[in-house]
Amino acid sequence: MNSEHATPHFETTPQPYGHIKSFVRGRGHLTPSQAQAIETSYSTWGIDFEPNTPLNHLKTFGRNAPTWLEIGFGMGETTIQIAHNHPDVNYIAVEVYPAGIGSLLKQIKQHNINNIRIVWHDAMEVIQHMIADQSLDQIMIFFPDPWRKKKHHKRRLIRPEFIRQLSQKIKPAGRLHCATDWQNYAEHMLAVLNQEPSLHNLHTGYAPRPGYRPLTKFEQRGLKLGHPVWDLIFEKSE
């Protein structure tokens, strides 16, 4: 595998909003096909992390279009379906795990998708450095790590200071959509999102799953066993 893309680089310089650490690290296991996909396709569909260089959507995608960003796409199963079903959307996908990068790149090739660009880097630094204020129509965070114990609350991705930064990146009337299969974390996310004055809940509490978020195989298995998923959809105030 090309060493240039073997490990994402993480900046450690404090940011103007206070340094927020994602705590997401680790190489993970790469299958040969995932490694090959990174070797052959990342240069086409990947975006290099560049500090203090906001993305130029016209240059990046070759067009101006509504832009959605997904934070932590895992193995890319949901990402590929949403992008395929919304070809008119510019889709930015952020992940740090190599296996997920390789998996999504394989699916991009298999499904001939051309509206996805991948940033292989820490999501918090991508938001702080590469996303201009009021440039996104939607941000999606599906199934983030829960860190259920109260003593680990600072290690949760959904925290007031991070939500404040995300809100700044969303256009007026744009949306932030979170989903989790941990009830405790759903309650935590609802409390945090309700605290952000620039966002308002489009539903009373939790939202029904919108049609654009497909059911993953894992979620379908859970639902059969009686394990629900909680969706939260908030809108940026005008």
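Quick caveat, the model's predicted, so the values are computed rather than measured.
- Both Ile92 and Val126 belong to a single network of hydrophobic side chains, linked directly or stepwise wherever heavy atoms of I, L, V, M, F, W or Y lie under 4.5 Å apart.
- No side-chain heavy atom of Leu136 sits under 4.5 Å from any side-chain heavy atom of Trp68.
- In the displayed structure, His86 atom NE2 is contacted under 6.0 Å by more than 12 heavy atoms of other residues, nucleotides or ligands.
- In this structure, OG1 in Thr180 is found 10.5 Å from CD in Glu187, a value given to the nearest 0.5 Å.
- Closest heavy-atom contact between Pro98 and Ile38: O-CD1, 3.7 Å.
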**Prompt:** Is there a side chain to side chain donor-acceptor pair (under 3.5 Å) between Glu77 and Thr216 once you walk through the steps?
**Reply:** CA-CA 7 Å; Glu77 178 185 354; Thr216 65; 5.0 Å; no

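- The shortest distance between side-chain heavy atoms of Leu199 and Asn194 does not fall below 4.5 Å.
- Two residues are said to be in side-chain contact when any heavy atoms from C-beta on lie closer than 4.5 Å; Ile82 and Met140 meet this criterion.
- Under the 4.5 Å side-chain heavy-atom criterion for Ile, Leu, Val, Met, Phe, Trp and Tyr, Ile71 and Met75 are members of distinct hydrophobic clusters.
- With hydrogens and angles ignored, the 3.5 Å screen pairs a side-chain donor or acceptor of Glu95 with a backbone N or O of Phe73.
- Using modelled atom types, one finds a donor on one side chain and an acceptor on the other under 3.5 Å when comparing Lys106 with Ser33.
- With contacts defined as side-chain heavy-atom distances shorter than 4.5 Å, the pair Trp45/Ile101 does not qualify.
- For the residue pair Ala123 and Val94, the shortest heavy atom distance occurs at CA-CG1, 3.8 Å.
- Side-chain contact between Pro228 and Asp181: absent, with no pair of heavy atoms (C-beta onward) separated by less than 4.5 Å.
- With hydrogens and angles ignored, the 3.5 Å screen pairs a side-chain donor or acceptor of Lys169 with a backbone N or O of Ile131.
- Between the side chain of Ser167 and the backbone N or O of Ile163 there is no donor-acceptor pair closer than 3.5 Å.
- Note that CG of Leu105 is 11.0 Å distant from CD of Gln110, once rounded to the nearest 0.5 Å.
- Without hydrogens or angle criteria, Ser41 side chain to Glu39 main chain gives no donor-acceptor distance under 3.5 Å.
- Put simply, the side chain of Val229 does not reach to within 4.5 Å of the side chain of Tyr206, judged on heavy atoms.
- Residues Trp230 and Gln183 are in side-chain contact: their nearest non-hydrogen atoms beyond the backbone lie under 4.5 Å apart.
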**Request:** List the steps, then state whether side-chain contact (heavy atoms from CB on, under 4.5 Å) holds for Gln165 with Gln128.
**Result:** CA-CA 8 Å; Gln165 291 183 40; Gln128 290 172 338; 3.0 Å; yes

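- Panel note: side chain Asn115, backbone Ala83; a donor-acceptor pair is recorded below 3.5 Å.
- Taking both residues in full, the closest heavy atoms of Thr79 and Tyr91 are given as CG2-CE2, 3.4 Å, listed atom of the first, atom of the second, then distance.
- A distance of 8.0 Å separates CG of Asn90 from CG of Asn64, quoted to the nearest 0.5 Å.
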**Request:** Determine, step by step, whether Leu232 and Leu193 satisfy the side-chain contact (heavy atoms from CB on, under 4.5 Å) criterion, reporting the C-alpha distance in whole Å, the side-chain angles of both residues, the deciding distance to 0.1 Å, and the verdict.
**Result:** CA-CA 9 Å; Leu232 290 160; Leu193 290 169; 4.0 Å; yes

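- Within the 3.5 Å criterion, the main-chain N or O of Asn114 finds a donor-acceptor partner in the side chain of Arg117.
- Contact check on Asp231 versus Arg209 returns no salt bridge, with no Lys/Arg side-chain nitrogen under 4.0 Å from an Asp/Glu carboxylate oxygen.
- Of all non-hydrogen atoms in Asp88 and Arg63, the two that sit nearest each other are C-NH2, 3.7 Å.
- A 4.5 Å side-chain heavy-atom check between His129 and Thr53 finds every atom pair outside the cut-off.
- Ring pair His177/Phe142: centre-to-centre distance below 6.0 Å.
- Considering all non-hydrogen atoms of both residues, Pro144 and Ala179 come closest at CD-O, 3.4 Å.
- Residues Glu196 and Lys236 are not paired through a salt bridge, judged by the lack of any N-O separation under 4.0 Å between the basic side chain and the carboxylate.
- Tyr212 and Leu104 fall within a single hydrophobic cluster, where Ile, Leu, Val, Met, Phe, Trp and Tyr are joined by side-chain heavy atoms under 4.5 Å apart, directly or via other members.
- Expressed to the nearest 0.5 Å, how far CD1 of Ile116 lies from CD of Gln107 amounts to 8.5 Å.
- Side chain of Ser237 to main chain of Ser198: a donor-acceptor pair is present (N/O by atom type, distance under 3.5 Å, no hydrogens or angles).
- Note on ring orientation: taking the six-membered ring where Trp is involved, the planes of His57 and Phe61 are perpendicular (angle over 60°, cut-offs 30° and 60°).
- The heavy-atom pair separating Glu219 from Pro214 by the smallest distance is OE1-O, 4.2 Å.
- Distance check: Arg175 CZ to Gln138 CD gives 7.0 Å after rounding to the nearest 0.5 Å.
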**Message:** Show, in sequence, the C-alpha distance, side-chain angles and deciding distance for Trp120 and Tyr97, and conclude whether the ring-ring contact (aromatic ring centres under 6.0 Å, His included) test is met.
**Reply:** CA-CA 8 Å; Trp120 185 356; Tyr97 287 115; over 10 Å; no

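- From Arg159, atom CZ reaches atom NE2 of His188 across 8.5 Å, with rounding to the nearest 0.5 Å.
- A side-chain donor-acceptor contact under 3.5 Å links Asn201 to the backbone of Gly205.
- Side-chain contact of Ser103 with Gln34: a donor-acceptor pair under 3.5 Å is absent, judged by distance alone.
- Each of Leu176, Val192, Leu166, Leu190 was checked for a side-chain contact (heavy atoms from CB on, under 4.5 Å) with Ile158, and the lone residue meeting it is Val192.
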